[in-house]
Amino acid sequence: MKRIAFTMVVSAMALVGCKGPVDSNDQQTDGFEYSNERFADLQMLRYKVEGFENLTLKQKTFIYYLSEAALYGRDILYDQNGRYNLRIRYILESIYTNDAVDHESEDFKAMEIYLKRVWFSNGIHHHYGCEKFVPGFSEEWLRDAWAKVDAKEKVSIDIDEICPVIFNPDIMAKRVNLAEGEDLIATSACNYYQGVTQKEAEDFYLAEKAKGDPEHPVMFGMNSRLVKDSDGNIVEKRWVSDGLYGQAITKIVEYLLKARDYAEDELQKSVIDKLVEYYRTGNLHTFDEYSILWVENTKPLVDFTNGFIECYGDPLGLKCSWEAIVNFKDVEATKRTETLSKNAQWFEDNSPVDSRFKKENVKGISAKVINAAILGGDLFPSTAIGINLPNSDWVRKEHGSKSVTIGNLTDAYNKAAGSGMRNEFCYSQEDINMLNKYADITDDLHTDLHECLGHGSGKLLPGVDGDSLKAYGSTIEEARADLFGLYYVADPKLVELGLIPDADAYKAQYYSYMMNGLMTQLVRINLGNNIEEAHMRNRALIAHWCYEKGKADKVVELVKKDGKTFVKINDYEKLRQLFGKLLAEIQRVKSEGDFLGAQKLVETYGVKIDSALHKEVLERYNKLNLAPYKGFINPVYTPVFDKDGKITDVKIDYTETYADQMLRYSHAYRTLPLINE
């Protein structure tokens, strides 16, 4: 079921002070303002596009046009996340900018926070936990404020239809529901299916796959909404330039074609041509052709992704949300990832998994460290720190993959990070010192291993469907890549390759990962809830499985000190062995398409939470006055034109506020009608 492998905004270190919660009294800065405003459970950051000024005019112009293409897809994600999101955003923004409404009232201030959360999550559900936001303002106030708005599209909005969506907690309660035993489509608010049940959707795509090429299967369903027509037949509404989301796709294509003139080589032009063809036709074979060209295009400094890529928003893991990133290579930092990719076959050959599941010939793994230039769609404002594409298993097997670590985003997290979490949750001063010394390098290296090699490792057995693990596929795939990184970050080979300073450095990654999986990631979950998000389930699965399997030898313990619970690792070598054993089992599950095995692992170790420990973690965390989630404000690119209309330079600016950026995006990049049926 893997579609894309992301190391989310919070990696293993994020909740212990490396790339996570900001302590405003303990920041490292270089004169650049990394930390910006904070609201609800969110901290806004800025990222510095280091080296942009040194690019050629052609490269700057290429980035500018690709950035425009990245921003024009914004409305697509809002609508994918929920059928009412565009209307709700329009209502809230109209009230927010209306002087006839009292901006000093408590209801208005609560609405402002709610709106900023909607902007952050591209909809009314939490970007990570998927639960619906609880408004701090009253329905009566909203109706009164809306009545004062003279909005030109007011006639298309039925406030009586919208209010229950906002205020009734039982309506569209979760954007993505993964609870075992429930109809995951009927109980999810995402807008990928209308009028169909989970069984009907699964049966539909099983029938579609039966018609396809089993050796080179396309990713059925990735670019469409599944609905019933007026006769009750199940059909797909494709996301193409002359179909659903066509207005947005037309603008994306327009700017991709403008960017094409500034591509760095002919192959990159072919990549854009094939992507445009796919956007116009929706043909999934064309998408595979585009993916192959994109994988092979490794020479240019500037690169991008743009399209329907991310699958975590669909409970069945089939439909792909729209996202984009424009970037350029950090040449010096890329030497690290290139070293890994050059040794990919060694890592595959020495993996602890069964030889039946290993690739005999690892192909085409390219890896680099990049500087993000712009973030869009499902990569904005909350984003990844590492990306591995393409999603297709057969394309990866036969043509390879591209992996990136987004260096300037991890740098922004580092510069804004404080020591509050580390001091509160580390067991000993020795552990704190170890993290202070090694956390940054081992966290970056784990991300590199996860993205560059982990997702590219292993193979499916002949005849195994890549989607056979269904709702558990994303969690299993992320666990597989994480375990690959955890197993190898402790390998002497990394010292030999000069990627890690000494043989003890890996312990920082092991400690932070176990502490996060067992405890600190719980700060992201409301008391009483289970774990839903795939990456969090992955980390919990790994940590709890190793904790339970190592109990007899006391490999990892949860111990009490001064009335508080801490993670204590007693045997790092045995912990590595446990990571290796679990990696072997996870790879077996994936390679064999063992749905029941995946279900047992995830439901046993990755979902349930000890309520007493959860309560304690939340109480300790709340005293730190930190924000558990981070997101970014994009820089602004402004082209400079001469009298003949030619671009002579592209300026970059970092001063736009979060609210101003969101309002500008809603005005300048609005492409879709408020209702998209």
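Hydrogens, waters and symmetry mates are skipped; everything else that's a heavy atom, side chains included, is used.
Of the possible polar contacts, one joining the Asn85 side chain to the Ile124 backbone as a donor-acceptor pair under 3.5 Å is found. Counting only distance, with no hydrogens or angles, the side chain of Ser188 and the backbone of Asn177 share a donor-acceptor pair below 3.5 Å.
Taking the six-membered ring for Trp and thresholds of 30 and 60 degrees, Tyr114 and Phe137 have ring planes more than 60 degrees apart, a perpendicular arrangement. Ring orientation note: the planes of Phe108 and Tyr96 are close to parallel, at an angle under 30° on the 30°/60° scale.
Ring pair Tyr413/Phe632: centre-to-centre distance below 6.0 Å. Side-chain rings of Tyr64 and Tyr637 stay apart, their centers remaining 6.0 Å or farther from each other. Between Tyr658 and Phe39, the distance separating the two ring centers is shorter than 6.0 angstrom. Checked against the 6.0 Å centroid criterion, the rings of Tyr312 and His535 qualify as a close aromatic pair.
Ion pairing between a basic and an acidic side chain is recognised when a charged N comes within 4.0 Å of a carboxylate O; Asp660 and Arg664 show no such pairing. Ion pairing of Lys415 with Asp411 is present here, as a side-chain N (NZ or NE/NH1/NH2) and a carboxylate O approach within less than 4.0 Å.
Here Tyr47 contributes atom OH and Thr383 contributes atom OG1; the two are 8.5 Å apart, rounded to the nearest 0.5 Å. Here the CZ atom belonging to Phe32 is positioned 7.0 Å from the CZ atom belonging to Arg46, to the nearest 0.5 angstrom.
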